[in-house]
Amino acid sequence: MTTTRFAPSPTGRLHVGNIRTALHNWMLAEKAGGTFVLRIDDTDAARSREEYVEAIREDLAWLGLAPAREERQSHRLEAYQAAFDRLRDAGRIYPAYETSQELELKRKIQLGRGLPPIYDRAALKLGDDERAAKEAEGIAPHWRFRLDHDEAIAWDDGVRGKQSFDAAQLSDPVIRRADGSWLYMLPSTVDDIDMGVTQVLRGEDHVSNTAVQIQMFTALGAAPPAFAHEALLVGKEGKLSKRLGSLGCDAFRERGIEPEALVALLARLGTSLPVEPIADRAKLLETFDLSTFGRAPAKFDDAELERINTAIVHAMEFAQAQDRLPDGMDEAGWHAMRPNVATVAEAEQWWKLVTGPIAQPNFAAEDRTFLGHAAETLEWGEDPWRALTSTLKQVTGRKGKALFLPLRQALTGMDHGPDMGELLPLIGEDEARSRLKRAAAA
Ligand code: GLU
């Protein structure tokens with residue numbers, strides 16, 4: 001049974017990068033008929049905020065990525081403590097006393113000598129008496145996980161293929177601060193075990209964390225899940241810009257971007273599949289496959305999102321748009337306006353052509369006569385626009401622009417807009433006649 005998780009830290013709103021990770025985890029689970037879990041990584045009490053937890057839930061709901069359940073790291077501290085005790089008893093966790101300045105100095109010296117800045121395990125080499133002396137000085141230790149340098153680290157990454165790491169080339173990670181608070185590494189592993197996570201899909205910035213965590217899984221007696229690391233998302237200009245980091249669901253929603261547009265784009269961006277305006281998730285799921293994911297950074301282009309959004313809005317059913325349409329706008333109204341809008345919200349301004357009032361231009365005398373004629377000719381049947389224009393064409397000899405434009409201007413006040421054949425029935429017979437008369441009289 002496949003279980004995936006999306007594990008945001010509630011220290012800010014979701015941005016387009018983590019929306020993508022959430023989507024892919026949802027898709028992995030959905031495609032396999034498995035479970036998608038939302039895990040709130042809120043061990044950092046100082047930076048985590050409840051309002052962001054709320055916002056994350058709302059964003060996922062808006063995107064249609066409903067988790068089967070929600071977990072919270074701050075509710076699981078006992079489980080982390082138990083794992084910590086086990087690993088410490090097994091000699092896999094050790095106390096360290098260096099200050100951050102000391103560590104920084106060590107790093108600088110190593111780098112100055114052209115060496116990789118790997119933690120030198122000085123704390124591991126302390127004798128009992130030296131440790132006791134530190135404690136007597138009142139220095140509380142932070143804690144490191146001791147990597148097993150003899151244990152090979154390898155996995156078959158769902159995106160990157162075969163990966164291997166030499167544990168000796170990695171620093172023993174700090175897993176707990178001196179004040180007892182947790183860093184990301186161990187709680188995440190404990191959760192993945194306890195929550196039965198079978199697939200971890202996350203950004204490639206986590207690749208070296210995976211190397212460390214694989215040893216944690218083993219040390220805790222659990223088989224590691226399958227791992228996959230997707231290439232990062234970058235802006236069109238090739239960098240992970242600040243702007244990209246600030247693009248959240250709220251900003252997209254305000255701009256009239258549909259969740260389905262975001263989903264269609266992010267489902268395939270950075271894969272070998274074409275990005276298309278596919279609003280049907282089942283279709284996206286059918287083709288979703290980690291083996292199509294590329295290694296190069298995925299480029300997020302706002303203009304591409306807008307194109308997809310427009311195409312999705314143009315094909316959107318009335319029922320889906322209904323809640324956001326102006327009062328009185330029915331299915332025929334939506335169908336008439338739909339091809340003219342880039343967002344659902346724009347339908348409102350076009351709907352004013354129906355409800356009025358409209359501002360007509362000043363017509364030349366000849367056009368006024370023509371429009372007066374039109375007011376008399378107007379007959380209400382199956383297709384009043386067609387009937388009106390074909391009669392006027394015969395009677396006046398006008399055609400093309402000379403025939404259509406004054407009518408459109410008189411009826412809508414505009415030179416362009418929705419199809420008149422669809423619009424005229426919405427305006428209605430009396431209103432249409434009075435607009436034509438008014439134009440003729442002006
Ligand atoms: N909270 C971590 C992050 O946001 C989760 C990483 C993971 O998926 O394991 O980076």
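Counting starts at 1 for both ligands and their atoms, in listed order.
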Quick check on contacts: which atoms of ligand 1 are under 4.0 angstrom from a heavy atom of Arg202?
7 (C), 8 (O), 9 (O)

If you count heavy atoms of other groups shown closer than 6.0 angstrom to NZ of Lys125, is the number above 12?
yes

So is Pro8 polar-close to ligand 1, meaning N/O to N/O under 3.5 Å?
no

Fit a plane to each ring of His206 and Tyr184, take the angle between them on a 0 to 90° scale, and name the class: parallel (under 30°), tilted (30 to 60°) or perpendicular (over 60°).
tilted

Using a strict 4.0 Å cut-off to heavy atoms of Asp41, name the atoms of ligand 1 that fall inside it.
1 (N), 2 (C), 5 (C)

Between Tyr80 and Leu186, the two heavy atoms sitting closest are O-CD2, 4.4 Å

Just which atoms of ligand 1 are under 4.0 Å from any heavy atom in Ser9?
1 (N), 4 (O)

Tell me if the CZ atom of Arg47 is crowded by more than 12 foreign heavy atoms within 6.0 Å.
no

At under 4.0 Å between heavy atoms, which part of Phe6 makes contact with ligand 1: side chain, backbone, both or neither?
neither

Mind checking whether Tyr184 has an N or O less than 3.5 Å away from an N or O of ligand 1?
yes

For a salt bridge (charged side-chain N to carboxylate O under 4.0 Å, His left out) check, start with the C-alpha distance between Glu30 and Arg281, then their side-chain angles and the critical distance, and finish with the verdict.
CA-CA 10 Å; Glu30 197 70 14; Arg281 264 180 218 208; over 6 Å; no

Are side-chain heavy atoms of Glu286 and Lys31 found at a separation under 4.5 Å?
no

Within 6.0 Å of CG in Asp327, more than 12 heavy atoms from elsewhere:
no

For atom 8 (O) of ligand 1, find the nearest protein heavy atom and state the residue, atom name and distance (0.1 Å precision).
Arg5 NH1, 2.7 Å

Quick one: nearest non-hydrogen protein atom to atom 10 (O) of ligand 1, plus distance?
His206 NE2, 3.0 Å

Taking atom 4 (O) of ligand 1 as the reference point, the nearest protein heavy atom with its distance
Ala7 O, 3.5 Å

